[in-house]
Amino acid sequence: MSASETPPDVVPNDIRLYTLLASIPAGKVVTYGQAANLIGLPRRARWVGQMLKQLPKDSRLPWHRVINAQGKISLPLTRGQTQAERLRAEGVMVTQEGKISLKQYGWCV
DNA sequence: ACATTGACGCCCA
DNA sequence: GTGGGCGCCAATG
């Protein structure tokens with residue numbers, strides 16, 4: 001092993017998730033599963049949810065741009081309402097039920 | 001070490 | 001479109 005080769009895990013997974021979050025354009029959304037896939041962690045959707053949950057309340061990261069595969073907000077009403085408001089503030093149409101059109105707002109890479 | 005718990009996802013009725 | 005059931009996987013108790 002030469003020292004010049006880059007090990008596959010030099011960047012911790014949580015950092016990669018934060019980086020991805022920061023790269024999601026305002027007005028666009030991704031699903032938990034997509035977020036996991038995009039950082040090379042298939043089948044880790046639940047883990048993504050755990051990470052977002054543990055984010056400090058005053059975090060600057062756009063955690064609100066992550067929704068579930070059904071195109072809906074996965075949060076209990078209180079915080080879910082906050083997420084809906086944040087999204088609407090960026091021009092995303094969110095129904096009363098917390099439904100969002102992935103077709104229209106899904107972030108395509 | 002075993003059982004439960006989730007900000008999940010896919011399949012099927 | 002809507003549930004119900006099951007698989008998945010890290011964190012918790």
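Proteins come first, then strands; the chains are lettered A, B, ... in the order of their sequence lines, and each starts at number 1.
- Between A/Val29 and A/Val66, the closest side-chain pair of non-hydrogen atoms is not below 4.5 Å.
- The pair A/Glu90-A/Lys28 fails the salt-bridge criterion, with no side-chain N (NZ, NE, NH1 or NH2) lying under 4.0 Å from an Asp/Glu carboxylate O.
- Between A/Arg65 and A/Val30 the shortest side-chain heavy-atom distance does not fall below 4.5 Å.
- The local environment of CD in A/Gln54 is crowded, with over 12 non-hydrogen atoms from other residues, nucleotides or ligands closer than 6.0 Å.
- Side-chain contact between A/Ile100 and A/Thr95 is absent, with no heavy-atom pair separated by less than 4.5 Å.
- To the nearest angstrom, P of C/dG1 lies 12 Å from CG of A/Leu102.
- Rounded to an integer number of Å, the gap from A/Leu17 CG to B/dA7 P is 15 Å.
- Within residues 27-37 of chain A, the residues having any heavy atom closer than 4.0 Å to DNA chain B are, in order of number, A/Thr31, A/Tyr32, A/Gly33.
- In this structure, A/Leu87 and A/Tyr105 have side chains that are not in contact, with every pair of non-hydrogen atoms separated by 4.5 Å or more.
- The main-chain N or O of A/Trp107 is never found under 3.5 Å from a side-chain atom of A/Gln34 such that the two would form a donor-acceptor pair.
- Two residues are said to be in side-chain contact when any heavy atoms from C-beta on lie closer than 4.5 Å; A/Leu17 and A/Asn13 fail this criterion.
- To the nearest 0.5 Å, atom CG of residue A/Leu102 and atom CG of residue A/Asn68 are 8.5 Å apart.
- Of the residues in residues 87-99 of chain A, none lies under 4.0 Å from DNA chain C by heavy-atom distance.
- A/Arg16 contributes a side-chain N or O that, together with a main-chain N or O of A/Ile39, makes up a donor-acceptor pair within less than 3.5 Å.
- Using a 4.0 Å cutoff on non-hydrogen atoms, the parts of residues 40-68 of chain A near DNA chain C are A/Arg43, A/Arg44, A/Arg46, A/Trp47, A/Gln50, ordered by number.
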